[in-house]
Amino acid sequence: MASEKHDPYSLLKRVLVAIVFVPVLLWLFWTGGYPFFVFLAVITAFGQWELFGMFSHRLRFPHRAVGFIAGMLIVTSASFGYTGYCTGIIVLSLIGVFTIEIVSGKDNKLEAVLLTLFATVYPSCCNVFLMKLSGYRYYEDFTLGRHILLYVLVVIWIFDTASYFSGRQWGKHPFFQGISPKKTAEGFFGGLAGVVLLGIAAAFFVENSYIIHLFVITILAALAGQAGDLSESVIKRDRGVKDSSRIIPGHGGVLDRFDSLFFAAPVVYIYLTVVFHFSGGHF
């Protein structure tokens, strides 16, 4: 959503990487099961690695060890149906990090505790909701969750693509300049227009009683995704870095690519379980 000129070579790298990875992601999100679990575990580990890298000035090996172990346990527990254990894992990791600071901590002990807990919870717990959304069932419809998960993924892609090109073409007015200077209001509304058109197209493939829910999910996913993107921008701006890492050519790091999904999945899942399910699919 930037108003400034973009490097054509950078755009080419982004497109080539997308051509390779988009089919893989679609397959993983639809297949679910063990392949999806492995994918989420890898994403969690790399997301934590990027956060620990940005917080390296404060967090030592013991902090990282607690974070990595707890993150893997959270994702594994949720993937095998033991979501209730996640709270206990978080509490134990909190106790562990406090113990590290009591025994060997120096200055700013509370900062180290909070940063470790954040790096533990942010990627892992958000990924838990990806798993829960994938497994969401509505009476006898056992694939609804996977359909919605794929749709949320497409909503985020459409929003990002539409906002990127509309911001590049017409972007003049800064949008949240203090957080992400390159984003523009024109890019944001261009992204919204893109997902609204997606919702109109998708409405032809769902039952009439579900259409309003479809549009609500579309807007919620787009707005929550944008909040996730801006939230990661807050982290990067605070740490003075452009990307969370350079592990994905032309796209930055894992957090740069999945930050929107990290926020969209919990919001959509909560909507499904609180509003959609109890309304019986009707308003």
Side-chain angles (χ1 to χ4, degrees), residues 1 6-47 49-50 75 78-79 123 126-137 141-166 168 190-191 194-206 214 217-218 221-222 224-226 228-229 232 243-266 268-269:
M1 291 194 293
H6 291 255
D7 179 10
Y9 179 66
S10 176
L11 179 59
L12 177 61
K13 285 194 297 183
R14 291 170 66 95
V15 172
L16 291 176
V17 170
I19 290 173
V20 173
F21 283 102
V22 163
V24 176
L25 284 176
L26 292 175
W27 178 80
L28 285 168
F29 276 58
W30 175 252
T31 302
Y34 288 110
F36 194 48
F37 158 66
V38 172
F39 169 74
L40 292 183
V42 170
I43 292 302
T44 298
F46 275 107
W49 171 71
E50 290 173 354
V75 173
S79 298
C126 289
N127 276 331
V128 164
F129 279 96
L130 286 172
M131 181 62 69
K132 291 174 73 67
L133 185 56
S134 176
Y136 176 78
R137 297 179 178 182
D141 190 346
F142 298 111
T143 63
L144 180 61
R146 282 181 286 174
H147 281 103
I148 294 175
L149 181 60
L150 281 174
Y151 182 70
V152 169
L153 184 65
V154 173
V155 167
I156 290 172
W157 284 345
I158 293 296
F159 186 93
D160 286 347
T161 302
S163 62
Y164 176 84
F165 285 105
S166 57
R168 184 179 182 183
V195 297
V196 167
L197 291 176
L198 172 66
I200 293 173
F204 288 99
F205 299 93
V206 302
L214 172 71
I217 288 172
T218 302
Q226 184 63 186
D229 180 66
E232 211 233 330
D243 297 314
S244 58
S245 74
R246 296 183 180 179
I247 195 170
I248 307 175
H251 290 262
V254 165
L255 295 178
D256 294 314
R257 287 303 89 206
F258 292 94
D259 51 5
S260 297
L261 199 58
F262 282 175
F263 274 36
V268 171
Y269 179 79

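One-based numbering along the sequence shown.
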Nearest 0.5 Å, what's the [atom1]-[atom2] distance between [X] and [Y]?
{"X": "Thr218", "Y": "Leu197", "atom1": "OG1", "atom2": "CG", "result": "11.0 Å"}
{"X": "Arg257", "Y": "Asp229", "atom1": "CZ", "atom2": "CG", "result": "8.0 Å"}
{"X": "Leu255", "Y": "Ser245", "atom1": "CG", "atom2": "OG", "result": "7.5 Å"}
{"X": "Ile148", "Y": "Leu153", "atom1": "CD1", "atom2": "CG", "result": "13.5 Å"}
{"X": "Asp160", "Y": "Gln226", "atom1": "CG", "atom2": "CD", "result": "7.5 Å"}

Exercise for the section: For Glu50, enumerate each residue passing the salt bridge (charged side-chain N to carboxylate O under 4.0 Å, His left out) test, keeping only those at least two apart in sequence or located in another chain. Expected result: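 Result, salt bridge (charged side-chain N to carboxylate O under 4.0 Å, His left out) vs Glu50: none returned.
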Practice task
Side-chain contact test, heavy atoms from C-beta onward, threshold under 4.5 Å: evaluate it for Val152 versus Leu261 and give yes or no.
Solution key: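 Yes, at least one pair of side-chain atoms sits under 4.5 Å.
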For [X] and [Y], which heavy atoms make the closest approach, and how far apart are they?
{"X": "Val195", "Y": "Val155", "answer": "CG1-O, 3.5 Å"}
{"X": "Leu130", "Y": "Ala265", "answer": "CD2-CB, 3.5 Å"}
{"X": "Phe263", "Y": "Ala224", "answer": "CB-O, 3.2 Å"}
{"X": "Ala264", "Y": "Ala221", "answer": "CB-O, 3.7 Å"}
{"X": "Gly194", "Y": "Ala162", "answer": "CA-CB, 4.2 Å"}
{"X": "Gly225", "Y": "Ser260", "answer": "O-OG, 3.0 Å"}

For [X], which residues count as a ring-ring contact (aromatic ring centres under 6.0 Å, His included) partner, sequence neighbours excluded?
{"X": "Phe262", "value": "Tyr122"}
{"X": "Phe129", "value": "Tyr269"}
{"X": "Tyr151", "value": "none"}

Practice task
Please check if any side-chain donor atom of Ser244 sits under 3.5 Å from a side-chain acceptor atom of Asp256, or the reverse.
Solution key: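 On atom types as modelled, these side chains qualify, holding a pair under 3.5 Å.
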Handout entry: Any residue meeting side chain to side chain contact (heavy atoms under 4.5 Å, CB included) with Val24, in chain and number order, not counting sequence neighbours
Key =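 Side chain to side chain contact (heavy atoms under 4.5 Å, CB included) list for Val24, sorted by chain: Leu28.
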Exercise for the section: Apply side chain to side chain contact (heavy atoms under 4.5 Å, CB included) to Val38 and list each qualifying residue two or more places apart in sequence or on a separate chain. Expected result: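 Counting only residues at least two positions away or on another chain, Val38 forms a side chain to side chain contact (heavy atoms under 4.5 Å, CB included) with Val42.
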Exercise for the section: Taking Thr44 for its side chain and Leu40 for its backbone only, find out whether a donor-acceptor pair lies under 3.5 Å. Expected result: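 Pair found, side chain donor or acceptor close to backbone of Leu40.
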Exercise for the section: Could you give me the CA-CA distance, side-chain angles and deciding distance for Leu26 and Leu150, then say whether side-chain contact (heavy atoms from CB on, under 4.5 Å) is met? Expected result: CA-CA 7 Å; Leu26 292 175; Leu150 281 174; 3.8 Å; yes
Practice task
Please state whether the rings of Phe46 and Trp49 are parallel, tilted or perpendicular, taking 30° and 60° as the class boundaries.
Solution key: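 Judged by the thresholds at 30° and 60°, the geometry between Phe46 and Trp49 is perpendicular.
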Practice task
Take Tyr136 and Leu149 through the test side-chain contact (heavy atoms from CB on, under 4.5 Å) and record every step on the way to the result.
Solution key: CA-CA 9 Å; Tyr136 176 78; Leu149 181 60; over 6 Å; no
Problem - With Thr31 via side-chain hydrogen bond (donor to acceptor under 3.5 Å, both in side chains) - residues at least two apart - result: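 Thr31: side-chain hydrogen bond (donor to acceptor under 3.5 Å, both in side chains) contacts with Trp27.
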Exercise for the section: Using side-chain hydrogen bond (donor to acceptor under 3.5 Å, both in side chains) as the criterion, list what pairs up with Trp30, not counting sequence neighbours. Expected result: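 Listed in chain order: nothing, the list is empty.
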Practice task
Determine, stepwise, if the pair Leu25 / Trp157 fulfils side-chain contact (heavy atoms from CB on, under 4.5 Å).
Solution key: CA-CA 12 Å; Leu25 284 176; Trp157 284 345; 3.9 Å; yes
